[in-house]
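One-based numbering, in listed order, for ligands and for the atoms of each.
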Amino acid sequence: MYPRLVIDLKKLKSNLDAVSHITKDEGGCSLMIVTKGLCADKEMVHVVCEHPAVDFVADSRVKNIKTYADEVRKSGKKTVLLRIPMHDEAAEVVKYVDLSFNSELSTMRLLNEEAKKLGVKHNVLLMIDLGDLREGIFYQNEDTIFETVEEILAMSNVNLYGIGVNLTCYGAIIPKNDNLSLLTALAEKIENKFGIKLNMVSGGNSSSIYLVEKGELPKGINNLRLGESFLLGNDTAYETKLPGTTSDALVLEAQIVELKEKPSLPIGEVGVDAFGQKPYYEDRGIIKRAIIAVGKQDTDIDSMTPLDEKIDILGGSSDHIILDVTKSDKDYKVGDVVSFTLGYGGMLKTATSAYVEKAYIK
Ligand SMILES: *Cc1c(COP(=O)(O)O)cnc(C)c1O
């Protein structure tokens, strides 16, 4: 059934080979693979668990981690929760998660209580904000950082596993040698001040991997967390393709339900579209318009690219996308299937939509 997301597991495996080569062999970092972009798809998780180079399997939601914690642990890897935990989920976190990212003492106190009840030691990574302004203690507030470390170290059932940073998410700040060096310097200060050794200094997501190739990743960074570069082959700092990866491991397929020649300009007074936006239309004269049975409920129209390069996406609404197929070499017919590669937003929405089926190439 269409629409469907076709997941090529062989291509995902070779993307994994490529990013693990860069991260581990060239970068000397441990490898954390992030599963949230594909909604922790089971088959994809198998590929990740079977890969010997992967050290950690991470997601932002406990609900996803719950589905694969057993498998990850059996394969000798650790589960990681990326989003700062809710107070509400502390009990679940200590049960299913081996390492959680944190920035709030009140939450870590709850994790400590719950870990005590369960008789386990829970690892935390303290997040430092280097200016992207999403999660983490602001790097300039060193006193707060040291006080937080001191209290964590005094906890009976919580272990300070390391520190980390997230960039290029809210503030779109690009990781560089200079800002990441602030993190490694801070790690050293913590180690010296408290006489401890941090296991992990995690230097970011798919926007940090380009630094390895440029030879600019600071020496003290020993972990990277990769979602998009594994799934789509992207370096997300400068939007380049990572060597050895493919961008078509995930393909969205949708079926044409109407194909007609009509004008390109709507007729009548222009108000707002189905989403309250004032649309802009380009006058292309009479064109061959195909409607495919997939819409904004299933995907992100701005985050998909037709494999047929001569197709243009004109726009869409909840359940329809309208294509201009006039220039295509193919003589499309109703019932034909049109395929798209996806960007991050398109991938996220298709993987989450209950209306998009999944198919696998094994
Ligand atoms: C989502 C996320 C990642 C992975 O990001 P990609 O850009 O997909 O590699 C890494 N770290 C944190 C904290 C995240 O929330």
Heavy-atom count around [X] [atom1] within 6.0 Å, excluding the residue itself: above 12?
{"X": "Arg61", "atom1": "CZ", "answer": "no"}
{"X": "Lys24", "atom1": "NZ", "answer": "yes"}
{"X": "Lys63", "atom1": "NZ", "answer": "no"}

Indicate yes or no for a side-chain donor-acceptor contact from Asp25 to the backbone of Ile22 under 3.5 Å, with no hydrogens or angles considered.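 Absent.
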
Under the side-chain hydrogen bond (donor to acceptor under 3.5 Å, both in side chains) test, which residues partner Ser181, sequence neighbours left out?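 side-chain hydrogen bond (donor to acceptor under 3.5 Å, both in side chains) check on Ser181 returns Asn177.
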
Does the cation-pi check pass for Lys42 over Tyr68, that is, NZ or CZ under 6.0 Å from the six-membered ring centre and within 45° of its axis?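 No.
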
Using a strict cut-off of under 4.0 Å between a residue heavy atom and any atom of ligand 1, list the qualifying protein residues by chain and number.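 Lining ligand 1: Val34, Lys36, Leu82, Arg134, Glu135, Asn166, Asn205, Ser206, Arg225, Leu226, Gly227, Glu228, Tyr344.
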
